Amino acid sequence: MAQVTLTFPDGNSKSFDAGVTPAEVAAGISNSLAKKAISATVNGAHWDLQWPIDADASIAIHTMKDEVQANELVRHDMAHVMARAVQEIWPATKVTIGPVIDNGWYYDFDRAEPFTPEDLSLIEKKMKEIINKRDPVTTEVWERDRAIEFYKANNEPYKVELIESIPGSEPIRMYWHGHWQDLCRGPHLQHTGQLPGDTFKLMSVAGAYWRGDSNRPMLQRIYGVAFTSKDKLKAHLTMLEEAAKRDHRKLGREMDLFHFEEHAPGSVFWHPAGWRVFQTLIAYMRRRQDAAGYIEVNTPDIMDRALWETSGHWFNYMDNMFLAKTHDDRDYALKPMNCPGHMMIYNHALRSYRELPMKISEFGKVHRYEPSGALHGLLRVRSFTQDDAHIYCTPEQLTDECLKVNDLILSIYKDFGFEDVHVKLSTRPENRIGSDESWDLSEGALKTALDRAGMSYTIFGGEGAFYGPKLEYVLRDAIGRDWQCGTLQVDYNLPERFGSTYVTQSGEKQAPVMLHRALFGSLERFTGILIENWEGKLPFWLAPRQVVVASITSEADDYVAEVVAALTAAGVQAEVDIRNEKINYKVREHSLAKVPVILAVGHREVDERTVTVRRLGEKQTSVVSLEQAVADFSRDATPPDLLTAAE
RNA sequence: GCUGCUGUAGCUCAGAGGUAGAGCACUCCCUUGGUAAGGGAGAGGUCGAGAGUUCAAUUCUCUCCAGCAGCACCA
């Protein structure tokens with residue numbers, strides 16, 4: 001019989017009969033390893049213990065101690081065990097797919113009746129029974145036709161479709177968990193008893209389209225999480241609770257920042273405190289853009305259909321537009337984007353190459369009729385304010401301008417504490433306009449800019465806008481969640497559609513290239529992200545209420561007013577609290593409202609002209625003079641861009 | 001938009017086929033208290049909207065609206 005040489009992680013190698021399985025290899029090492037083994041890595045591929053090895057290879061046997069492999073197997077086997085449990089309880093249920101995802105798995109089912117929350121505990125119970133049975137996991141490779149016939153006979157049409165979509169070069173692998181069978185690429189554990197019975201939890205049921213296609217049937221998806229130990233499950237559930245505490249919708253209510261109404265779904269009612277944050281952001285961005293040579297404009301919210309036909313929105317973006325028909329029977333639309341308005345301003349004069357690059361910015365409020373199910377607090381709304389700008393430049397200036405935008409974006413994110421930024425580059429889609437040459441140029445400009453900036457990026461082929469490729473800036477927050485904010489897009493198309501030109505040095509008319517860019521993206525969304533990132537405890541300069549001056553006794557009321565006046569004059573958002581309440585009560589209330597600083601004043605402070613400073617989250621207080629406090633908080637209230645300028 | 005769930009006081013939530021309750025918040029009174037809830041009293045609701053069943057609907061049924069989770073879509 002032919003021999004194969006297997007090399008172990010320690011560098012030793014050994015000869016085996018060809019077709020040996022990792023299970024046999026493990027058994028050759030020790031009985032306990034044979035029992036504990038869960039899978040192997042063979043030549044870098046995650047390998048089932050039952051799969052034969054036909055050629056020389058490196059091999060590593062895994063146990064539950066190998067976190068990466070253990071998690072994958074536990075979650076994958078859990079998916080199968082859950083599907084088996086569901087089919088044992090409701091035999092008519094059809095199975096589809098059940099992949100491993102972050103922290104767990106899901107499995108999609110086709111069943112007429114909806115699963116209820118009570119059903120989940122029923123399924124969990126059945127899963128534990130199955131795990132306790134310690135049923136062996138077995139696998140075979142089948143002929144394609146045999147597998148298709150098998151699933152047709154078993155009335156599992158989704159499996160038939162899956163097999164038909166598996167490339168001919170790949171084996172059709174069948175798995176059994178006891179008597180229960182599934183089509184699966186594996187690998188899997190040795191038997192269900194290797195699953196920890198108390199480290200998983202079924203989380204939720206939701207609809208999901210078959211194959212992610214909204215034209216196809218909606219299935220029922222059950223989500224579960226699973227870990228290799230009980231502690232890790234617990235830690236995960238705790239993390240979910242922590243994330244829930246950061247929910248900006250909850251914090252927005254508690255901090256009295258904004259609210260929503262039924263009659264304006266997806267549109268924000270900004271309260272004074274929230275609007276202050278919003279305006280602080282705009283003021284900051286306006287300074288940064290002014291410094292970077294942008295010119296700010298304002299364009300109409302409602303414009304005639306003809307303009308939207310020229311821009312292409314009327315036919316390409318209609319589903320997302322709010323329309324308005326007027327008494328004179330004209331069709332108007334609320335602007336979903338600012339670009340056509342900026343085209344009007346660019347085109348209003350004969351432009352010279354001397355004016356380029358021309359950077360037209362606008363804090364324009366755009367309206368988009370988003371699908372109802374997409375709305376989500378401030379993060380996904382139907383009307384929002386963009387820190388939008390369009391840069392008109394010559395083809396030669398393109399790369400430089402991209403680079404400048406990139407630099408500006410990173411510098412701005414840094415000021416907000418976001419240093420972990422990732423870039424997605426979306427390239428030409430199938431449905432596109434413009435020549436391949438222009439796409440080469442615009443994609444090249446973005447790539448060159450990124451390379452020159454030393455940025456790493458991920459390419460998403462075919463994901464670009466129909467008129468040009470785009471960069472998307474994704475930032476990672478304090479608890480590791482990713483948020484897409486800024487965008488930079490190259491566009492050769494709109495200038496052409498609007499007949500935009502500039503006069504070159506040699507006196508000819510030429511079409512400019514146009515960049516679309518937004519740095520915060522949506523001000524609403526960015527505000528929501530900041531709230532979640534800081535758990536409502538915004539940095540002092542962004543905090544809507546920066547200082548509350550609280551009296552301990554009513555005899556300090558006049559002094560409280562004096563302190564607040566001094567702070568206000570120094571540019572600090574300061575408030576009076578001289579209510580007839582104890583200082584404990586006031587401290588609690590303002591702490592819950594995430595006010596960064598509470599100044600307590602009683603007899604002592606009045607006599608000594610001091611304040612007692614208590615910062616949010618600190619038990620320790622300190623006493624400083626009124627002058628010192630005004631200086632300190634005035635500096636704290638200064639936005640980071642102005643601080644740098646002053647130093 | 002799709003699937004499922006939810007909608008009762010400003011907020012968080014009980015409740016029941018016979019037109020509603022708690023805690024916090026709010027108002028007033030007492031209390032002037034030194035760093036996360038002092039005490040008392042009071043006021044506050046067309047029970048998301050419309051239709052149907054019923055002697056009677058906030059409760060049951062249907063439709064619509066909004067919210068939540070996920071999918072699809074996306075800043």
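Bear in mind the structure is a predicted one, so any value in this text is a computation, not a measurement. Below, read A as the first sequence line, B as the second, and so on, with proteins coming before strands; counting in each chain starts at 1.
Computed from coordinates, the A:R221 CZ to B:A69 C1' distance equals 12 Å when rounded to whole Å. At whole-Å resolution of the value, CG in A:L251 and P in B:C11 are 16 Å apart. Atom C1' of nucleotide B:C68 and atom CZ of A:R249 are separated by 7 Å, given to the nearest angstrom. One interatomic measurement links the two molecules: OH of A:Y223 to P of B:G70, which rounds to 7 Å at whole-angstrom precision.
Phosphate proximity of B:A36 to A:K619: present, with a side-chain N or O under 4.0 Å from OP1 or OP2. OP1 or OP2 of B:A69 lies within a sub-4.0 Å distance of a side-chain N or O belonging to A:H376. Close to B:A75, at under 4.0 Å from its OP1 or OP2, lies no side-chain N or O of A:T487. Distances shorter than 4.0 Å separate some side-chain N or O of A:R614 from OP1 or OP2 on B:A36.
Between the side chain of A:T621 and the base of B:U35 there is no donor-acceptor pair of N/O atoms closer than 3.5 Å. Side-chain to base pairing of A:T612 with B:G34: one donor and one acceptor N or O lie within less than 3.5 Å of each other. Side chain A:E589 to base B:A25: no donor-acceptor pair is found below 3.5 Å. Contact of A:Y209 with B:G1 (side chain to base): a donor-acceptor pair of N or O atoms is detected under 3.5 Å. With hydrogens and angles left out, the side chain of A:E605 and the base of B:G34 share a donor-acceptor pair within 3.5 Å.
Looking at heavy-atom distances under 4.0 Å, A:G521 makes no contact with the nucleic acid at all. The residue A:F526 sits apart from the nucleic acid: no heavy atom pair falls under 4.0 Å. Across all strands shown, A:E261 has no heavy atoms under 4.0 Å from either base or sugar-phosphate atoms. Across all strands shown, A:G212 has heavy atoms under 4.0 Å from sugar-phosphate atoms exclusively, and none from any base. Residue contacts for A:P265: at a heavy-atom cut-off of 4.0 Å it reaches the sugar-phosphate backbone alone, with no base atom in range. Residue-level contact check: A:L219 touches neither bases nor backbone, having no heavy atom under 4.0 Å from any strand. Within 4.0 Å (heavy atoms only), A:Q484 reaches sugar-phosphate atoms of the nucleic acid but no base atom.
Between A:E532 and A:R481, at least one side-chain N (NZ, or NE/NH1/NH2) sits under 4.0 Å from a carboxylate O, which counts as a salt bridge. Ion pairing of A:R246 with A:D477 is absent here, as no side-chain N (NZ or NE/NH1/NH2) approaches a carboxylate O to less than 4.0 Å. A:K245 and A:E242 are joined by a salt bridge, as a carboxylate oxygen and a charged side-chain nitrogen come within less than 4.0 angstrom of each other.
For A:M218, the listed nucleotide lying nearest its side chain is B:G70; candidates were B:G7, B:G70, B:G67. Taking the side chain of A:Y585 as heavy atoms from C-beta on, and the options B:C71, B:A25, B:A36, the nearest nucleotide is B:A25. Minimum atom distance to the side chain of A:A208 is reached by B:C71, of the listed B:C71, B:C74, B:G1. Which of B:G70, B:A37, B:A69 sits closest to the side chain of A:N584 comes down to B:A37. Considering only the side chain of A:Y369, B:G1 comes nearest among B:A75, B:G70, B:G1. Comparing B:A75, B:C73, B:C65 by their closest approach to the side chain of A:K470 singles out B:A75. Picking from B:A69, B:C71, B:A72 the nucleotide with the shortest atom distance to the side chain of A:S204 gives B:A69. Candidate nucleotides B:C71, B:C65, B:U12 were compared by shortest atom distance to the side chain of A:R253, and B:U12 ranks first.
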Check your understanding: After noting the C-alpha distance and the side-chain angles of A:Y473 and A:F418, does the key distance pass the ring-ring contact (aromatic ring centres under 6.0 Å, His included) rule?
Key -> CA-CA 11 Å; A:Y473 288 79; A:F418 297 116; over 10 Å; no

Review point. Step by step, would you call A:L567 with A:L599 a side chain to side chain contact (heavy atoms under 4.5 Å, CB included)?
Key: CA-CA 11 Å; A:L567 288 168; A:L599 299 184; 3.9 Å; yes

**Study point:** Step-by-step side chain to side chain contact (heavy atoms under 4.5 Å, CB included) determination, A:W483 to A:N533
**Key:** CA-CA 10 Å; A:W483 306 95; A:N533 180 63; 5.9 Å; no

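Looking only at atom types and distance, the side chain of A:E161 has a donor-acceptor partner in the side chain of A:W210 under 3.5 Å away. In the model, A:Q620 has no side-chain atom that pairs as donor or acceptor with a side-chain atom of A:S622 under 3.5 Å. In summary, the side chains of A:R288 and A:S411 do present a donor paired with an acceptor at a separation below 3.5 Å, with no hydrogens or angles considered.
One P atom belongs to B:C60, the other to B:U3, and the distance between them is 22 Å to the nearest Å. Going from the C1' atom of B:U46 to that of B:C30 covers 38 Å, rounded to whole Å.
Nearest heavy-atom pair across A:L379 and A:H248 is CG-CE1, 3.5 Å.
Residue A:S551 is the one, among A:R368 and A:S551, whose nearest nucleotide of RNA chain B lies closer to the 5' end (criterion: closest heavy atom).
Listed by residue number, A:R380, A:V381, A:F384 are the residues of residues 378-391 of chain A with a heavy-atom contact under 4.0 Å to RNA chain B.
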Revision key, fill the gap. Parsed dot-bracket for RNA chain B after applying the Watson-Crick and G-U rules with both distances under 3.5 Å and | for other-strand partners is (((((((..((((....[..)))).(((((.......))))).....(((((..]....))))))))))))....

